[in-house]
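One-based numbering along the sequence shown.
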Amino acid sequence: MDKQQVLNFFFKRRSIRKYKDMDVSQEDIDIILRAAMSAPSAGNQQPWHFIVVDDRQKMKEITKYHPYSSMLNTAPKCIIVAGDVSSQRHEGYWVQDCAAATQNMLLAIAQLGLGGVWLGVHPRKEREEAIRKIFNIPDHIVPFAIVAIGVPDEEKGPSDRYNPERVHVNTW
């Protein structure tokens with residue numbers, strides 16, 4: 001793999017919000033979850049849990065509480081990413097750990113030729129409580145994000161967002 005191919009791996013990941021009326025295979029979901037669980041975590045505590053959702057009614061219910069989730073009306077699946085705060089060895093790092101897992105999921109989704117988008121839940125308490133209620137999530141588990149997944153019904157080319165003005169060397 002040459003250096004441009006390495007960059008293209010990342011540039012391919014785009015937020016896809018429109019999906020075809022086609023399902024996502026269990027094999028692809030398994031790959032996405034394996035990618036998520038290979039993310040780094042503080043002290044290797046791996047605080048994440050995942051809820052794979054294909055229940056249309058539950059996905060529709062999410063849209064009542066999450067203002068940016070209308071794509072769940074057409075996405076065949078979504079995955080709820082949540083963090084277990086009861087077993088923290090490194091308090092507060094579950095957020096970064098779940099973010100790394102979510103990013104790995106999005107990269108895997110793109111490499112599989114699927115589309116996905118990250119819907120933030122944490123730290124919005126009203127979203128956390130709604131997701132907790134819809135999915136019967138225990139109090140020690142905090143809903144972090146929702147990732148919509150489907151076969152893309154929109155095309156977005158690679159995006160290189162490099163901005164040298166955001167790079168500082170040795171000092172600000």
query: Looking at OG1 of T74 and CE of M59, how far apart are the two atoms once the value is rounded to the nearest 0.5 Å?
result: 8.0 Å
message: Tell me whether R34 at atom CZ has more than 12 heavy atoms from other residues, nucleotides or ligands lying less than 6.0 Å away.
response: no
field: Neighbour count above 12 (heavy atom, 6.0 Å) for K156 NZ
entry: yes
- prompt: Is the side chain of Q88 donor-acceptor paired with the backbone N or O of V85 at a distance under 3.5 Å, no angle test?
  reply: yes
message: Looking at every non-hydrogen atom in both residues, tell me the closest pair between M71 and A148 and how far apart they are.
response: CG-CB, 3.8 Å
message: So which atom in P47 and which in S41 form the shortest heavy-atom distance, rounded to 0.1 Å?
response: CD-CB, 4.2 Å
query: Which heavy atom of I62 sits nearest a heavy atom of C78, and at what distance?
result: CD1-SG, 4.3 Å
Side chain R132, main chain I141, donor-acceptor under 3.5 Å: yes
message: Please determine whether the number of non-hydrogen atoms from other residues, nucleotides or ligands lying under 6.0 Å from atom CE of M22 exceeds 12.
response: no
- request: Establish whether M105 and L119 are linked, either directly or via other cluster members, by ILVMFWY side-chain heavy-atom contacts under 4.5 Å.
  value: no
field: Cluster check W118, W94: I/L/V/M/F/W/Y, side chain < 4.5 angstrom
entry: yes
- request: With side chain to side chain contact (heavy atoms under 4.5 Å, CB included) as the test, would you mind laying out the steps for Q46 and M37 before giving the verdict?
  value: CA-CA 8 Å; Q46 303 174 28; M37 292 185 212; 5.8 Å; no
message: Among I149, I79, I80, I32, which residue satisfies the side chain to side chain contact (heavy atoms under 4.5 Å, CB included) criterion with V52?
response: I79
Sub-4.5 Å side-chain heavy-atom contact between R13 and Q103: yes
message: Testing the basics here: between R161 and S159, what is the closest heavy-atom pair and its distance to 0.1 Å?
response: NE-OG, 3.1 Å
query: Just how far is it from atom NE2 of H66 to atom CD1 of I131, taken to the nearest 0.5 Å?
result: 7.0 Å
- request: For the residue pair I146 and V53, establish whether any side-chain heavy-atom pair is separated by less than 4.5 Å.
  value: no
query: Under a 4.5 Å cut-off applied to non-hydrogen side-chain atoms, are D30 and Q26 in contact?
result: yes
- request: Say whether M1 and L107 are linked into one hydrophobic cluster, either directly or through other cluster members, by side-chain heavy-atom distances under 4.5 angstrom.
  value: yes
query: Within a strict 4.5 Å, meaning less than it, do heavy atoms of the S70 and T63 side chains meet?
result: no
- prompt: For D160, does the CG atom have more than 12 heavy-atom neighbours from other residues, nucleotides or ligands under 6.0 Å away?
  reply: yes
statement: To the nearest 0.5 Å, atom NZ of K60 lies from atom CG of D55 at 12.5 Å
message: Could you check whether any side-chain N or O of D153 sits under 3.5 Å from a backbone N or O of K18, counting only pairs where one atom can act as donor and the other as acceptor?
response: no
message: Would you say that P143 contacts R127 through its side chain, given a criterion of any heavy-atom pair below 4.5 Å between the two side chains?
response: no
- prompt: What do you reckon, is CD of Q5 surrounded by more than 12 foreign heavy atoms closer than 6.0 Å?
  reply: yes
- prompt: Any chain of hydrophobic side-chain contacts (each under 4.5 Å) joining L106 to F11?
  reply: no
query: In terms of heavy-atom contacts, does CD of E27 have more than 12 from other residues, nucleotides or ligands at under 6.0 Å?
result: no
message: When you measure from the side chain of D23 to the backbone of P76, do you find a donor-acceptor pair of N or O atoms at a distance under 3.5 Å?
response: no
query: Got more than 12 heavy atoms from elsewhere within 6.0 Å of CZ, F135?
result: yes
- request: Indicate the atoms forming the closest heavy-atom contact of C98 with A82, along with that distance.
  value: SG-O, 3.7 Å
- request: Give a yes or no answer on whether the side chain of H49 reaches the backbone of V142 with a donor-acceptor pair at less than 3.5 Å.
  value: no
Stepwise salt bridge (charged side-chain N to carboxylate O under 4.0 Å, His left out) check, E61 with K58: CA-CA 5 Å; E61 189 72 13; K58 287 189 180 222; over 6 Å; no
statement: Taken to the nearest 0.5 Å, the spacing of N73 CG from Y19 OH works out to 11.5 Å
task: For the pair R17 (side chain) and V117 (backbone), establish whether a donor and an acceptor sit closer than 3.5 Å, ignoring hydrogens and angles.
output: no
- line: What one should report as the nearest heavy-atom pair of H140 and D84 is CD2-OD1, 3.2 Å
query: Where does the angle between the aromatic ring planes of F50 and W48 fall among parallel (under 30°), tilted (30 to 60°) and perpendicular (over 60°)?
result: tilted
query: Are I109 and V151 connected in a single hydrophobic cluster, I mean Ile/Leu/Val/Met/Phe/Trp/Tyr linked by side-chain heavy atoms less than 4.5 Å apart?
result: yes
Any side-chain heavy-atom pair of V95 and F144 under 4.5 Å: yes
query: Taking atom CZ of F9 as the centre, does the number of heavy atoms from other residues, nucleotides or ligands within less than 6.0 Å exceed 12?
result: yes
task: Keeping the roles fixed (side chain from K77, backbone from V24), state whether a donor-acceptor pair exists under 3.5 Å.
output: yes
